[in-house]
Structure formats: C-alpha cells, structure tokens
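Within every chain, numbering begins at 1; the chains are lettered A, B, ... in the order of the sequence lines, protein sequences first and strands thereafter.
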There are 2 protein chains.
Amino acid sequence: MSTDEQRRRVTARDVAAVAGVTPATVSKALNNSPEVSEATRSRVLEAVRRLGYRPNSVARGLRARRTHTLGLVTDDLEGVFTTTMMRGVEEVASEQEFGVFLCNSYGSAAKERAHLEMLYDKQVDGVILLSGYRVRERGAPVRDLPGTPTVYLFQYTNDVPVPCILPDDEMGARIATEHLLGLGRRRIAFINGPPHYEATHDRLAGYRAALTAAGVDFRHALVRMGSTWYQDEGYAQMSDLLDLSPVPDAVVCASDHMAAGALDALHSRGLRVPDDVAVVGFDDRAFSRHLRPPLTSVALPLYEMGRLAGQRLLAAIGGEKQSHEFLRIPCDLVVRESCGAPRGADR
Amino acid sequence: MSTDEQRRRVTARDVAAVAGVTPATVSKALNNSPEVSEATRSRVLEAVRRLGYRPNSVARGLRARRTHTLGLVTDDLEGVFTTTMMRGVEEVASEQEFGVFLCNSYGSAAKERAHLEMLYDKQVDGVILLSGYRVRERGAPVRDLPGTPTVYLFQYTNDVPVPCILPDDEMGARIATEHLLGLGRRRIAFINGPPHYEATHDRLAGYRAALTAAGVDFRHALVRMGSTWYQDEGYAQMSDLLDLSPVPDAVVCASDHMAAGALDALHSRGLRVPDDVAVVGFDDRAFSRHLRPPLTSVALPLYEMGRLAGQRLLAAIGGEKQSHEFLRIPCDLVVRESCGAPRGADR
DNA sequence: CCAGACTACGAAATCGAATTCGTAGTTCAC
DNA sequence: GTGAACTACGAATTCGATTTCGTAGTCTGG
C-alpha cells in the first residue's frame, strides 16, 4: 500500500498525456468548444473519467476573473431572522454551483470592512449584505467593492443604487389586522416597534389601511410605539392600553416577544385570551407556538427573501443590469389560538 | 467624472512601475523578505499605499497551493445547534484571515458529496463537517478530500482518523442529576433520547454516575428511552412515569422539548413544578426561559465547540499532526425555576 | 589591487486552466 | 489539379503573485 505516497492533484496536463492530446484540447473538450472532433472529445472524457480529473477552480478563477463565489456578510450570524435567509441564499448559490463565503461582522463596521476587503481579495463575483436588524440607514460599505454586484437583504439603503430585498411589512400588518376585523374585533390596538426602524412605519401603514378599508376609525390612542422589540416593552405598552376604557378587544404586536409581554400583561389583569382580547404577533418565532395560548403571528418570508437575493445577485453577475429597487416579499399569517379563529391546529 | 471608466484592479506590476522596481521586488517587500533594502521597501510600501494595492488571493492561492480558505459543511444550516457552532468557527477563521465556505447538505449524501467536490475544486485548506444531529455513524466523505485536514464537529466517526469535537454529555447529565440530588431529591427519573444517538448512552452514564456517587440506587424503572427528542415523547414518558408509585420527585430530560412535554404532563396531572416534581432539561433552548416555570437546563458548549473545531483545523493546516480523538467540551447548568433552586434570576 | 564573500535586485519559471492564433491536413469546387 | 475554405489540433500567451537562481555591484581582507 502506498499510503504515504504524495498524491499530486490530477491536472489537465495529465489528462492530455493519457488522451494523447495537449492541455488546450482537454480544455476545449471539457468546455464544449465546437472545435474538437467527437472522437477526440470522447478520448478526453474517457481519460478524465479514468484519472478522476477535476478542473482546479483557483486556476480557472485566475484566468477567467470569475471565481464562481459569493460573499455573504451578516451582522448576526446566528440570529433568528438571518439563518433562514442564509439557507435560501446558500441553496440558490449551490444550485448554480457557486460557493458562498460566510462572514459575520457582529455589527462592527471595522469587522465588516475587513470582511469586505477579504472578499475583494478573494475575487468574489458578488456580495450579499444581510442584516439581522433592518436599520434604516447605515454606512455604505458597498463602495468598497467597485464593480462587484451587491444586494442588500433585510436592510434598507439609499446610499448606493442596489436592490434591497425586504418583507412586505405593510401587508403583514394589514393581514393581521384584517384577520382580527374578520373575527368581529373592532377596537384593535397596535403595539408597534421603535420608530427608527423602517418596518415600523410600513406596518403602521398596513394597520391603518386595514382599518380604513373596513370602515373602522383609526384612533391614535390605540397605537403605541415601543422603544424596543422586547417582552418588557410589550408588557408595559399593553398594561398602558388596558388603562383605557373601554379596553381594546384585540391587539397587534410588532414582534412575538412583545406579544408574549402583552400576554403576560393580559393574564396579570385577569383578562382571557382570546375571549376578552385577541392577540396577534409578528415574526412567527419558534417559541410562539408554546405560548399560552399559542400565538397567531405574521410569518416573515425569510427563506423566499434569501432565495430571491441569491437569484438577483446571480442574475447581476450574469450581466443583468442592477437597479435601486425595494423588493417586497409577501408575508403569511400563521393562525393559532390567540385570536380565537376556528382553526388553531398547529401544535 | 469618469464613472464608466473600466477600473482595472491594481496589480503588483503597477506598484512595481510606480516604485521603480520589478514585481518580484514588490512581492519580497510585502512578504518581509530579508533581501530588500529598507529604502526600497519603503518606496514599495508608499506605492502600495498610494495605489491602494491589495494582493490577489486567487493568484496567490494558485501559486502557493494554499487558499486561506475553509469549508464548513453542515446538514442543517439553520438548526438551533448548528448556528452557534458556525459562529465560533467563523470567528476563529476570520481572526486568522481565513475565509469560510458555507455548505448546507440537508442531510443528503448526494448534496454533501457535491459540496465536498466543490470544496476540493476550490482548493480549500481544510474542512469541518458539522452535524446538527450527532448521528452515531455515517458515510465517510472525508476520503473524498485526500490530504485535506478535516474535523468532525458535533458528530462521531470511527471510519476516518480525524478529531471529533463533542459536548461532554456524560458531564451534562451528571451535573443535572447532582444538582437535583443537592436539592434533596432522591427519586430522580431520566427521560433519555433515542438509543441510536451516542449522546444518549453518554448521558445515561452521567446520570448513573451521579446517583452512584451520592449513594442513591439506580433503578431501571425510572429510566426511559425516547423514540424521538420531541415534546410528545416527553409527555408520554412523563405520563408513564407518573403511574409509578411513589411518583418520582424529579426528572432529567435529555432535551428541552421533552422537558416541555414533561411539564405538560405534570400540569395535566395537577402536579406542581418544582414543588412536587423538579424538572431539568437539556440544550438550554431559547424557549426554555419562557416555559412555566422557566426551565433549568444543561447548556451545550456550542460556541466553544465551534471555536475549538476552527482552532484544531487551523493547527492541522499549519502542519500539526491530526489524530483520531474525541474532544469533550464541558457543559454548563443554567439554573432557573423548574428545579426549585434558590436563584432563578435569568432574564 | 584583487579574490572571495555578501548584498540587493531582476529575469524567468511556476502554479493550472483558458484562449488566441497559427498551421498541418482535408474537402470541395471549378 | 490547384486554390479556397474548412476542420481539428497544438504552440504560446495570459491571468497575478511567488520563488528560484543568476548577476551586477559593493565590501572586506590580505
């Protein structure tokens, strides 16, 4: 057994030697060039098969100035929102035989910059900037990669003319509100997120649109802006809303965490969900089905967004012109028991 | 403004021209070769700075046969276990200026194989195989990358002599059991995972060891093997255990999902947690703090495992000899209210 | 003043594949 | 039968950085 024999990689030269041609012909045969005869091509392919030859992507990349590689830079690698989008991106890339470089910036501009430089050095064909937070505006690191197609995912920008892929937050809030209206609720409160998030404004618009369409008055007193997205905030705002009279008969929360806080507040006041107050959340987080009662929630189309980002980027790499556009992907309402709708089967 | 001017990348040749030397000297100057004078080196560095030169990793990789790149292949990209480990891997890699290719196989051998071939083509310097499931044995795709250092993460193998990085499951079950013993519980049940997982056996050993050390009899009737890790299974097994008399005064569950099921079963029998029965889970899942009562749970050292995997792999790439070893990383007990311990402050 | 050692740099080969271009060899038409 | 038009392939160059090796030039010591 020749275990310690240094096995060199098989190159086109080796294949050429076996097939009795030159490396140039091997390349042509493998790249479906019309200028090789069928006889020669099959000899080459046979040699390729026998030797187990695989073209070296690095050499190919150097020559072609195309590496068949993407960069994915996120600020929150293990975020509950990010990973599903990442899966979508990876899947599309892998379908087209693209590799994906994964970079985590922890939200640090310095780290992000370092990663983008690394991606530039490695000659990636395109970059996806994936945020876990959807902040309104940030720096524009895109300028660091001139000539490299870029897509913003789950993140707004007006600084650079690149596509931004986002959930249809307006629609999400609208269908949540419509659902409650359809169940006969009329005094529907809205616990929104912090105002410096773009999503907050979009969702408010959706909530308002649903009310208007149903002929229900929009009342400022029923709308709260949170200072965070978290449970404490939901608890506080809900408690506050319960001081109104009459109390709301339903509430839309801009995150499931806030909805969980709202549930706590309702329970501690002795109110029943959904009998007294119906609750709808946002994000369809994993824990939401374990809440008491299981929470109806607006699911963000994270996977579809990831796929679309990948598709857009690959199209741009393929030569398609990129434009500065905001692509909105439809949200979905996951109905459980917290709103009192007939079907709550989901466990 | 010359916006449409095709900006070519700056190469070592350009730097050389500006500095009045040859590309060879540029390379030496940048790589701290001793055979360039200080005067020349600073001229080169100045030119580098002025032109914003960055060496092309692809060309460098071709020449050096080292790409400064890792492959990370997982079967569950968005799994709750995987992402934290991924973060650890990415962080270590990025500290050493390595890029990480992200690959998701969905557990499909064909996809995994395709990804490994891609990584081979791209000349990655090493590979981490990251499982979300810790199956006992699988195929040995490692053979596909001869000469490429590999580390198994969260996954066993005996087929190939590579390091396997795993949580110390034995310890995890032991500290959970010891904790309950320390709180005065003596009739401690154990709802274990499915038997075809290696972790299941390790945890059983830990549970048993803790009992033995405390002089408490190990009783087969108190130990259940699940057929899944999920909530239904926890519910069923717990219900079964409650038919014993006397009933257990505590239970260790091999997953938080099973613990949630166990809690349901306890509640539906009218038993109080932790007063009547103390409950400890495993995995410290995000939802666990939202259970009623908040669940004490064994946290897996996922981040540390990811970092260690990265460190081991980089060491192997650096020339260190790899051996077939099982590296166990210590688990941590996160105490909340479900076991009746004094301190339950956590969120 | 010159042999030998040393310094600092450049010319050229290399990594592996793709591509351009040149050219034997064939085919066809007139 | 000869020139034109193809066909099928190879030689050589290229991508950009590294590395080996060779060599002017400098320095030192005898």
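One finds no side-chain N or O of A:Arg66 lying less than 4.0 angstrom from the OP1 or OP2 phosphate oxygen of C:dA18. For A:Tyr53 and C:dA17, the shortest distance from a side-chain N or O to OP1 or OP2 is below 4.0 Å.
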**OP:** Give the C-alpha distance, both sets of side-chain angles, the deciding distance and a yes or no for salt bridge (Lys or Arg N to Asp or Glu O under 4.0 Å) between A:Arg307 and A:Glu95.
**Re:** CA-CA 11 Å; A:Arg307 282 197 63 98; A:Glu95 282 165 13; 3.0 Å; yes
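Applying the 6.0 Å contact sphere to CD of B:Glu320 captures no more than 12 heavy atoms from other residues, nucleotides or ligands.
Atom CZ of A:Arg41 and atom C1' of D:dT7 are 14 Å apart (whole Å). Rounded to a whole Å, the CZ atom of B:Arg65 is 15 Å from the C1' atom of D:dA17. Rounding to whole angstrom units, CD of residue B:Glu38 and P of C:dA8 are separated by 10 Å. Taking atom CG of B:Leu51 as the reference point, atom P of D:dG16 lies 15 Å away to the nearest angstrom. Distance B:His68 NE2 to D:dG16 P: 21 Å, rounded to the nearest Å. Atom CZ in B:Arg13 sits roughly 14 Å away from atom P in D:dT18 (whole-Å rounding). For A:Lys122 and D:dA17, the NZ to P distance is 14 Å, given to the nearest whole Å. Rounded to whole Å, the distance from NZ on B:Lys28 to C1' on C:dA8 is 8 Å.
Nearest to the side chain of A:Thr22, among D:dC15, C:dC15, D:dA11, sits D:dA11. Comparing C:dA8, D:dA17, C:dG16 by their nearest atom to the side chain of B:Arg63 picks out D:dA17. Closest to the side chain of B:Pro23, from the set C:dC9, D:dT13, D:dT18, is D:dT18.
Backbone-only engagement by B:Val21 is indicated by non-hydrogen atom pairs under 4.0 Å involving sugar-phosphate atoms exclusively. Counting any heavy atom pair closer than 4.0 Å across all strands shown, B:Val26 reaches no nucleic acid atom. Among the atoms of the strands shown, base atoms are found under 4.0 Å from some heavy atom of A:Ala24. Using a 4.0 Å heavy-atom criterion, one finds that B:Ser37 contacts the sugar-phosphate atoms exclusively. Backbone-only engagement by A:Arg60 is indicated by non-hydrogen atom pairs under 4.0 Å involving sugar-phosphate atoms exclusively.
With contacts defined as side-chain heavy-atom distances shorter than 4.5 Å, the pair A:Thr67/B:Lys122 does not qualify.
Taking the six-membered ring where tryptophan is involved, the planes of A:His68 and A:Phe98 are essentially parallel, since the angle between them stays under 30° and well short of 60°. Taking the six-membered ring where the residue is Trp, A:Phe101 and B:Phe101 present parallel rings, their angle staying beneath 30° rather than reaching 60°.
Of the two residues near DNA chain C, A:Asn31 and A:Glu35, the one whose nearest nucleotide lies more 5' is A:Asn31. Where B:Ala64 and A:Ser27 each meet DNA chain C at their nearest nucleotide, the meeting point lying more 5' is that of B:Ala64.
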